[in-house]
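Accompanying notes for the structure given below.
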Amino acid sequence: AFHWHGDTFDLPEGALPAAKSAACAHQAFLCVENVVGLQFHLETTVTGARELVEHCAADITEGPYVQPAGVMLAAPAATVPAEPR
């Protein structure tokens with residue numbers, strides 16, 4: 001899944017952790033019966049990723065889990081699905 005975030009959060013009271021990574025302790029959680037919280041972007045398309053890089057380039061800082069813009073855009077199929085037809 002495509003990631004673009006610099007912030008994180010504490011889980012809501014009663015939430016159950018569902019996924020985590022070395023970069024993000026709360027990647028996904030379950031809350032109540034029908035609520036899922038995600039800290040990644042399943043909705044990102046190739047166009048959306050390009051627009052983020054173009055308009056939010058200042059958010060791309062150096063860090064152990066941050067890919068340079070060129071890497072993100074060089075092989076978008078690795079991070080985002082194809083555009084809908």
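This structure is a prediction, so every number in the text was calculated from the model and none was measured.
Shown here are the side chain to side chain contact (heavy atoms under 4.5 Å, CB included) partners of A18, two or more places apart in sequence or in another chain: A28, L30. For V66, the side chain to side chain contact (heavy atoms under 4.5 Å, CB included) partners two or more places apart in sequence, or in a different chain, are I60. For the side chain to side chain donor-acceptor pair (under 3.5 Å) test, residues two or more places apart in sequence or in another chain that qualify with E43 are H41.
Atom CD of Q39 and atom OG1 of T8 lie 4.5 Å apart (nearest 0.5 Å). Rounding to the nearest 0.5 Å gives a distance of 8.5 Å between CG of L52 and CG of D59.
Q27 and S21 get closest at one heavy-atom pair: OE1-OG, 3.0 Å. Between R50 and L73 the shortest heavy-atom distance is CG-CD2, 3.7 Å.
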Trace of the side chain to side chain contact (heavy atoms under 4.5 Å, CB included) decision for M72 with F2: CA-CA 9 Å; M72 283 188 266; F2 191 81; 4.0 Å; yes
Steps toward side chain to side chain contact (heavy atoms under 4.5 Å, CB included) verdict (C24, Y65): CA-CA 10 Å; C24 186; Y65 305 106; over 6 Å; no
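With F29 as reference, L11 is the one residue of L16, L11, V36 to meet the side-chain contact (heavy atoms from CB on, under 4.5 Å) rule.
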